[in-house]
2 protein chains.
Amino acid sequence: MKDGPDIARIASLVGDPARANMLTALMTGAALTASELALEGGVTLPTASSHLAKLIEGGLLTVAAQGRHRYYGLAGPQVASMLEAIMGVAAGVGPKRARPGPREPAMREARVCYDHLAGEHAVKMMDTFLARDILVRDGQEIRLGPNSHSYFTAVGIDVEKLGPSRRPVCRDCLDWSVRRSHLAGQLGAAILDKILTEKWARREKDSRVITFSPKGRQAFERAFLEV
Amino acid sequence: MKDGPDIARIASLVGDPARANMLTALMTGAALTASELALEGGVTLPTASSHLAKLIEGGLLTVAAQGRHRYYGLAGPQVASMLEAIMGVAAGVGPKRARPGPREPAMREARVCYDHLAGEHAVKMMDTFLARDILVRDGQEIRLGPNSHSYFTAVGIDVEKLGPSRRPVCRDCLDWSVRRSHLAGQLGAAILDKILTEKWARREKDSRVITFSPKGRQAFERAFLEV
DNA sequence: TTCATGGTTCGATCTCCATCAAAGCATTGC
DNA sequence: GCAATGCTTTGATGGAGATCGAACCATGAA
């Protein structure tokens, strides 16, 4: 016994519900403040602070102080990969789908992932963007592609306006339900924003579920999937 | 909050030292009895029994009764992948290599990962396959590449024979020691099988370590690294 | 049948840690 | 300077669960 690395130490960090929820929230790649994470974890600020300290001590999180805010983010892609692997097992062999959750199918179709769209629609959209050179993969990163400017102005999103900010314009985010990448970052947020302001879809109360109206779905598909 | 799969449930199962040690022991791919696992976990039989019941309930383990023995094994390759991913994080950010462990260097070089080869050799092999278009990366997935058929028949592995099964032929698995991908899936298992049946290497008893003989190493390199 | 072995269940104990209220720092803005 | 905001620390409380001895059940052997 006691051979490889100390996996119990890491796993037990993820094994607390509050911490797990915080980590899940950070899977977007965006860094969040302690207050936001407290909300995600469903605990008070002091409790969240204690959890965050442990996660940093354990090497799962990094923190960047900025004025009186402190932004917490995943320590790296490896941590995200691990979380994705755990989600895979949890979703697959999990509690026998004891309660599939009333909103489970709707969640798989479309949901909010912090501030951008996730689920089947989001993954399809990402595929389209990559196929049309609107976005291009550059190693680990996603960048605006040659066709991005003309396309996004046509759709009515001003890409120039997004910066400047430390938050990347594009970023990919691993979708737990579809198990492939979807678009996060400022651009992902802008697209979700457009979907909501155009009233193509609305957010279900107290949930991450996004519900499209019939007309809204058509408009969405025309704008983002058929290009 | 409380959106995706219940990762806290799974992670907390792995998060107990006794259970973590048991799971690590099962990474050899062999099924073990409750008594053996109690020893691995460093706990008494009743305690181990309780842990094992939880791991089964959680879907991480399966059990096969055989006479008055009960053999416990990992529930599947997905569980093994998850454990490797956790090991990756633990090895990277871990507690400063408390005790590197006597077999640590050998483990890094070559070891069993459930049913396929892991460690430096395995990562190099994966690199070779990708460089030679024997395998190709397709987004998140790994597929057989244009040169796969001719190559594997030359080496003496019948790729056609692997299917049909729900288990993917190729799959990548994050190597905790090298921190890069190696090959899992049916093909990965077939390759390990060949290495062992050809007696290029043998498994150390009660360990994940794989030891190559001098001749075996040459044969392995000729077959899988030099192509 | 009777004994031995492998495993589980029960019950009691005890330690660890998640939790929150209140107080303490630190940074920004006025 | 002073107040307000964001976050951490302290301290006290409570509960979950890991642990083991002893009793119990099942299978196989004599």
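Within every chain, numbering begins at 1; the chains are lettered A, B, ... in the order of the sequence lines, protein sequences first and strands thereafter. What you see is a predicted model; the values in this text were computed from it and never measured.
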Inset, instruction - Using side-chain contact (heavy atoms from CB on, under 4.5 Å) as the criterion, list what pairs up with B:S50, not counting sequence neighbours. - result: B:K54
Legend entry - Under-4.0 Å side-chain N/O to phosphate OP1/OP2 contact, B:H51 with D:dG17: no
Inset, instruction - Give the B/S/- string for nucleotides 5-12 of chain D, one per nucleotide from 5' to 3', where a protein heavy atom under 4.0 Å of the base yields B, of only the sugar-phosphate yields S, and otherwise -. - result: BSSBB---
Inset, instruction - Would you check if there is a donor-acceptor pair between the side chains of B:E36 and B:T33 at a distance under 3.5 Å? - result: yes
Legend entry - Side chain A:S12, main chain A:G15, donor-acceptor under 3.5 Å: no
Inset, instruction - Return the set of residues passing side-chain contact (heavy atoms from CB on, under 4.5 Å) with A:A34 (not counting sequence neighbours), or none when no residue passes. - result: A:L45, A:L52, A:Y72
Legend entry - Candidate nucleotides C:dC20, C:dA18, D:dC20, ranked by approach to the side chain of A:R19 - the nearest: C:dA18
Legend entry - Between B:H182 and B:H116: side-chain donor-acceptor atoms closer than 3.5 Å: yes
Inset, instruction - Determine yes or no for a side-chain-to-main-chain donor-acceptor pair under 3.5 angstrom, with B:R208 supplying the side chain and B:V112 the backbone. - result: yes
Inset, instruction - To the nearest Å, give me how far apart CG (B:D16) and P (D:dA16) are. - result: 17 Å
Inset, instruction - Could you tell me the separation between the CE atom of B:M22 and the P atom of C:dG7, rounded to a whole number of Å? - result: 12 Å
Inset, instruction - Report yes if at least one side-chain N or O of A:K54 is closer than 4.0 Å to OP1 or OP2 of C:dA18; otherwise report no. - result: yes
